[in-house]
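We count ligands from 1, going down the list as the structure has it; atoms in each ligand are counted the same way.
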Amino acid sequence: MSSLAHMPEKQGQRTVLLVEDHQDLAETVGAFLESQAYTVDYASDGLTAMHLAVTEDYDAIILDIGLPGIDGLEVCRRLRKDARKQTPVIMLTARDQLDDKLTGFDVGADDYLVKPFEMPELAVRVEALIRRDKGDVSETTYRIADLELDTEREIAIRAGKRLSLSPRSYEILRVLMRRAPAVVSRRELEKEIWGDEVPDSDALRSHVYNLRRIVDKPFERPLIETVAGRGFRMAED
Ligand code: CA
């Protein structure tokens with residue numbers, strides 16, 4: 001891989017700059033991001049990273065701290081201070097560089113990830129950064145408080161963590177979020193999920209129970225409300 005492989009930008013596609021001198025890791029991360037429909041530019045040293053970050057408008061920059069030449073922290077500091085670029089930056093840091101994460105925030109990084117990390121985790125973080133930066137949420141995304149449902153990619157994220165939902169629980173959540181803050185009756189929910197072939201009367205109950213266990217229980221504030229005699233609703237408060 002060359003230090004700079006510039007790829008044409010497709011319309012509507014998100015472009016990220018991946019700065020990583022470890023070639024295997026760069027290839028793995030790059031291939032994964034491309035599989036998630038990102039366009040990826042690469043840099044393997046600080047100066048190339050700096051040049052690209054200043055001259056191009058990326059949606060986000062994934063920036064390794066340990067780089068030859070000027071390191072990731074310095075790249076970020078110069079980007080913010082000298083070039084006055086506010087492109088969202090997520091820092092990659094080795095476990096023994098954990099103190100660097102604090103420095104990372106000092107120099108203007110928006111997030112950090114400790115190596116080794118799972119690829120989907122990186123994708124979720126990058127996506128969240130881009131969303132936050134653009135301040136826009138596409139119409140395929142529903143958001144209530146810190147919970148986000150991306151119906152295009154069929155994923156739910158709460159407080160930056162990807163939630164692992166069964167297909168049925170996901171469906172219930174989708175209906176509740178789409179209709180929020182309206183109350184959705186049990187009957188309506190059953191019809192949305194099973195059509196005319198509603199299973200036994202406890203099926204919905206157990207799916208809602210599971211949904212709450214994942215969406216609400218690990219978090220301080222429950223978002224799924226039972227409205228006695230009427231059904232369920234989701235609301236900010
Ligand atoms: Ca490195």
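- Between D64 and K115 there is a salt bridge, since a side-chain N of the basic residue sits under 4.0 Å from a carboxylate O of the acidic one.
- A salt bridge does not link R221 with D146: none of the charged nitrogens is closer than 4.0 Å to a carboxylate oxygen.
- The salt bridge (Lys or Arg N to Asp or Glu O under 4.0 Å) analysis of residues 204-215, with sequence neighbours excluded, yields the pairs D202-R205.
- The existence of a salt bridge linking R80 and D110 is confirmed by a sub-4.0 Å separation between a basic side-chain nitrogen and an acidic carboxylate oxygen.
- A salt bridge does not link R186 to E190: none of the charged nitrogens lies less than 4.0 Å from a carboxylate oxygen.
- E148 has no carboxylate O lying under 4.0 Å from a charged side-chain N of R162, or vice versa, which leaves the two without a salt bridge.
- With waters neither drawn nor counted, the protein N/O/S atoms under 3.0 Å from the Ca ion (ligand 1) amount to 3.
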